[in-house]
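Treat the numbers as computed from the prediction; the structure is a model and nothing was measured.
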Amino acid sequence: MMSFEYRSVGFIGLGAMGKPMAEHLANKLPPETLIYVFDVVQAAIDQLCTEFPNKVVKSANAKDLAEKSDIIVTMVPEGAHVKSVYLDPQTGICSTDVSKKLLIDCSTIDTATSLLVKDHISQTFPTASFYDAPVSGGVVGAVKGTIAIFLGCSESDTNLPRLTHLLQMMGKSVIPCGGPSLGLAAKLSNNYLSGIIAIAASEAFDMGMRSGLDPRVLQKVYAAGTAQNTICDKFTPVPGVYAEAPSSNEYKNGFKVQLMRKDFGLAVDMARRVGSKNVLGEVGLKTYTDAMNDPRCRDLDSRVIYRFLGGNEDWKGKDEID
């Protein structure tokens, strides 16, 4: 069995996904490994440093973190943030020497920005290695350590064993997708499908419930038939059907609807760029755009699309969660 040493790891981006991922590293990396962290929200840094006082160390900025870390993981919201974190000439990761370091970006962004960052690193620091590694599984998965990680890396890459070993501390499965930006292409394809399923599931539950069916029965029907899917199983849009679904917690602590809109838009753009025809793309994008701008839905889990579409959240037996 291969063993790996980790002298120091840096983690940038301590949001809803990044913080629990960093916590898993703090709990699972060897005691002697220090974790340097940075976020634009100082309170997020302070909270993690307080939680792991002898393990997690605050950094002044991305450059400061990069100077002290052998491996750097980034998890930020958008492509503009990734570009700034890596390429800012004063405070970015690449404003210091990152030769021979592993750089892993878990953000979900457009492939063009990711390739721009990778090309800059390859040209400026030929011995450094940059990988896109977006994740899927939502906040619940990040907290539980069950996220899937789509790694822009080939099976033959010599860094793959080390990357897999580290990433499995934060997630359940690490899937090499073939090469640079292909992890992102996989993630955008996944979120496009997930977003479409959430809309379809919300409509299906609503029509079944309006016809007189109990949503718990409908969930069993979908699970047993050809409509089985993870959204209905574990991210059920209808509140009170699955206890751990964000919908059963007032759609809190999930994948925000505006983030789904962002990813869905990136996927539609990718499809257009590569010449893929999708008949549901524009309809889905408009649905998430409208939901994102609805004050009843904004900042809530994306499965709040059920509310946006007029689904009944106060169905009889809501409090009897199996």
Side-chain angles (χ1 to χ4, degrees), residues 13 17 73-87 103-123 129-138 141 147-157 159-160 163-164 167 171 173-201 229-231 235 255-292 302-303 305:
M17 295 291 291
V73 180
T74 52
M75 181 58 147
V76 296
E78 298 183 7
H81 303 126
V82 171
K83 191 174 179 181
S84 176
V85 163
Y86 281 91
L87 303 184
L103 311 171
I104 307 165
D105 182 37
C106 293
S107 315
T108 298
I109 63 171
D110 60 289
T111 56
T113 296
S114 183
L115 288 171
L116 174 71
V117 172
K118 179 178 176 55
D119 288 346
H120 174 86
I121 292 169
S122 297
Q123 293 167 12
S129 300
F130 174 86
Y131 298 93
D132 55 295
V135 309
S136 181
I147 52 175
I149 302 172
F150 309 132
L151 182 59
C153 176
S154 69
E155 295 275 3
S156 60
D157 192 308
N159 286 323
L160 181 58
L163 287 164
T164 301
L167 293 172
S173 61
V174 178
I175 304 174
C177 294
S181 83
L182 294 183
L184 281 167
K187 171 63 187 294
L188 295 178
S189 172
N190 177 84
N191 276 27
Y192 175 84
L193 180 57
S194 176
I196 290 293
I197 290 173
I199 295 173
N229 65 85
T230 299
I231 299 299
F235 294 90
F255 185 61
K256 290 184 179 181
V257 65
Q258 53 264 46
L259 293 178
M260 174 58 84
R261 192 272 172 217
K262 180 206 75 170
D263 289 3
F264 202 94
L266 291 174
V268 170
D269 288 343
M270 181 178 75
R272 188 181 298 115
R273 189 171 64 253
V274 299
S276 173
K277 180 180 179 180
N278 52 51
V279 297
L280 299 176
E282 293 302 327
V283 174
L285 185 59
K286 183 180 186 307
T287 302
Y288 282 112
T289 300
D290 291 347
M292 174 186 77
S302 59
R303 271 63 62 158
I305 206 73

Please enumerate all residues that pass ring-ring contact (aromatic ring centres under 6.0 Å, His included) together with Tyr192, with sequence neighbours excluded. Phe264
Got a sec, which residues hit ring-ring contact (aromatic ring centres under 6.0 Å, His included) with Phe130, two or more places apart in sequence or on another chain? Tyr86
When rounded to the nearest 0.5 angstrom, what distance separates [atom1] in [X] from [atom2] in [Y]?
X      : Y      : atom1 : atom2 : result
Asn229 : Ile196 : CG    : CD1   : 12.5 Å
Thr108 : Glu78  : OG1   : CD    : 11.0 Å
Leu103 : Tyr131 : CG    : OH    : 9.5 Å
Leu116 : Thr111 : CG    : OG1   : 11.5 Å
Ser129 : Leu163 : OG    : CG    : 8.0 Å

I'd like a table of donor-acceptor pairs (distance under 3.5 Å, sequence neighbours excluded) in which one partner is a side-chain atom from residues 175-182, with atom names and distances.
none

Quick test of your reading: applying side-chain hydrogen bond (donor to acceptor under 3.5 Å, both in side chains), list the pairs with at least one residue in residues 257-271, sequence neighbours left out, ordered by first then second residue. Asn191-Asp263, Gln258-Asp299, Arg261-Thr289, Asp269-Arg272
How close do [X] and [Y] get, counting heavy atoms only, and between which atoms?
X      : Y      : answer
Asn278 : Ala271 : ND2-CB, 3.0 Å
Ile109 : Leu188 : O-CD1, 4.1 Å
Gly195 : Tyr288 : O-OH, 2.7 Å
Ile104 : Ala133 : CG2-CB, 3.7 Å
Asp110 : Leu184 : O-CD1, 4.1 Å
Gly183 : Pro134 : O-CG, 3.3 Å

Checking side-chain contact (heavy atoms from CB on, under 4.5 Å) for the pair Ile305/Met260: CA distance, chi angles, key distance, verdict? CA-CA 11 Å; Ile305 206 73; Met260 174 58 84; over 6 Å; no
If you measure only the distance, is there a donor-acceptor pair under 3.5 Å linking the side chains of Asp132 and Ser114? no
Test side-chain hydrogen bond (donor to acceptor under 3.5 Å, both in side chains) applied to Ser136 - qualifying residues, sequence neighbours left out: Asn190
Residue pair Ser194, Ile231: steps toward the side-chain contact (heavy atoms from CB on, under 4.5 Å) verdict: CA-CA 7 Å; Ser194 176; Ile231 299 299; 3.6 Å; yes
Salt bridge (charged side-chain N to carboxylate O under 4.0 Å, His left out) filter on Asp290, not counting sequence neighbours, yields Lys286
[X] side-chain N/O to [Y] backbone N/O, donor-acceptor pair under 3.5 Å:
X      : Y      : answer
His120 : Val117 : no
Ser107 : Val76  : yes
Lys187 : Val135 : yes
Thr287 : Val283 : yes

Checking side-chain contact (heavy atoms from CB on, under 4.5 Å) for the pair Arg303/Phe255: CA distance, chi angles, key distance, verdict? CA-CA 8 Å; Arg303 271 63 62 158; Phe255 185 61; 4.2 Å; yes
Test item: Leu151 and Leu160 side chains (from C-beta on) under 4.5 Å apart, heavy atoms: yes
